[in-house]
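One structure below.
These numbers were taken from a predicted model, which means no experiment stands behind them. Sequence lines set the chain letters: A, B, ... in the order given, protein chains first and strands last, and positions in each chain run from 1.
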Amino acid sequence: MKALSGHGYVSACHAHRGEMHGEETEPTHYNLYRQHSPHHLDYCFVPVGWRIDDVVVGGERAVGLPRGEVAQ
Amino acid sequence: MRLLSWNCAKALHSKWDPVIDLAPDILVVQEAACPAVLRAKGVPLPDQAQWIGSDKHRGLLVAAFGDYRLRVAETYFPGLHWVLPLEVTGPEAFALFATCDTYTMSRQGDPEAEASDAVITALSRYAELFAGGNAVLAGDLNKNVKFDVRNGTRTSPRP
């Protein structure tokens with residue numbers, strides 16, 4: 001994250017939501033498909049000056065897909 | 001421009017409809033079968049599709065829809081398997097780095113790729129594309145800073 005930040009890129013999700021890395025409110029992945037093991041591991045880094053209209057994490061919609069994978 | 005990234009866990013063929021319902025302009029899918037396998041299973045992939053991987057059932061797929069076009073960057077280094085640099089043209093033009101950093105680095109590739117992770121290596125190898133300030137890096141990085149804090153150098157929840 002630091003390396004990308006140093007090159008002028010930000011995580012679209014974190015920038016749009018004003019969240020800190022490591023303190024994400026929505027997971028993008030459930031380790032071994034276990035609901036009690038949520039993690040935020042998927043990212044989209046964009047130039048710091050780009051306008052970000054919206055960021056959607058799969059959430060319940062994706063959890064309903066086979067085996068509970070989550071999309072970002 | 002709407003970009004969608006998802007690790008499909010090798011089952012894009014059964015998850016294609018909900019993916020398309022999200023109307024992506026650019027689709028980045030980790031652990032996706034190669035286009036030939038997907039099309040054989042009835043997935044109507046667009047013509048604009050790029051895929052890399054050594055396992056035809058588990059690679060990195062990028063597809064573009066509408067007026068968007070994809071071209072593999074001239075500076076693509078195949079030894080760094082899990083970062084695919086693409087030139088995207090269309091309503092928006094930018095460099096796209098699709099990634100699926102699962103530690104599966106090429107043993108035949110750049111020594112740097114084995115000594116570091118894919119994204120860090122890509123930042124160095126593709127410095128010119130990143131330096132343009134018009135790039136996007138999207139995918140499953142398999143990392144979170146909370147693992148850095150908890151485990152020192154370990155950056156994955158996997159043992």
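Atoms NE2 and CG, on A/H39 and B/N142 in that order, are 9.5 Å from each other to the nearest 0.5 Å. Put simply, CD on B/Q30 and CG on A/D42 are 6.0 Å apart, with the number rounded to the nearest 0.5 Å. In this structure, B/D140 CG and A/T28 OG1 are separated by 7.0 Å, a value rounded to the nearest 0.5 Å.
Linking ILVMFWY residues whenever their side-chain heavy atoms come closer than 4.5 Å, directly or via other members, places B/F65 and B/W51 in the same cluster. B/L60 and B/V37 sit in two unconnected hydrophobic clusters of ILVMFWY residues. Membership requires side-chain heavy atoms under 4.5 Å apart, directly or through other members. Cluster annotation: A/W50 and B/V28 are assigned to the same hydrophobic cluster (Ile/Leu/Val/Met/Phe/Trp/Tyr, side-chain heavy-atom contacts under 4.5 Å, transitive). In terms of hydrophobic clustering, with Ile, Leu, Val, Met, Phe, Trp and Tyr side chains grouped at heavy-atom distances under 4.5 Å, B/W16 and B/L22 are assigned to a common cluster.
Looking at B/V119, only its side chain comes within 4.5 Å of chain A, counting heavy atoms on both sides. There is no contact between B/A11 and chain A, counting heavy-atom distances below 4.5 Å.
Residues A/Y9 and B/L129 approach most closely at OH-O, 4.3 Å, considering heavy atoms. The shortest non-hydrogen separation linking A/H40 to B/N144 is O-ND2, 2.9 Å. Listed here is the closest heavy atom pair of B/K143 and A/Y43: O-OH, 2.7 Å. In terms of heavy atoms, A/P47 sits closest to B/A135 at CD-O, 3.0 Å.
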| said: Go through it in stages, so that I can follow the logic: the residues are B/L123 and A/L4, the test is side chain to side chain contact (heavy atoms under 4.5 Å, CB included), and I'd like the CA-CA distance, side-chain angles, deciding distance and then a yes or no. | reply: CA-CA 8 Å; B/L123 280 168; A/L4 284 159; 3.9 Å; yes
| task | Go through B/L141 and A/L41 one step at a time and tell me if the side chain to side chain contact (heavy atoms under 4.5 Å, CB included) criterion holds. | result | CA-CA 6 Å; B/L141 272 65; A/L41 307 178; over 6 Å; no
| Should A/K2 and B/V145 be marked as a side chain to side chain contact (heavy atoms under 4.5 Å, CB included) after you check the CA-CA gap, both sets of side-chain angles, and the distance that decides it? | CA-CA 10 Å; A/K2 287 182 179 177; B/V145 296; over 6 Å; no
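Applying the 6.0 Å contact sphere to CG of B/D67 captures no more than 12 heavy atoms from other residues, nucleotides or ligands. Dense packing is recorded around CZ of B/R39, with more than 12 heavy atoms of other residues, nucleotides or ligands lying under 6.0 Å away.
Two residues are said to be in side-chain contact when any heavy atoms from C-beta on lie closer than 4.5 Å; B/V136 and A/C44 meet this criterion.
Between A/F45 and B/F97, the ring centre distance reaches or exceeds 6.0 Å.
Interface residues of residues 14-24 of chain A toward chain B, defined by a heavy-atom distance below 4.5 Å and sorted by number: A/H21, A/G22, A/E24.
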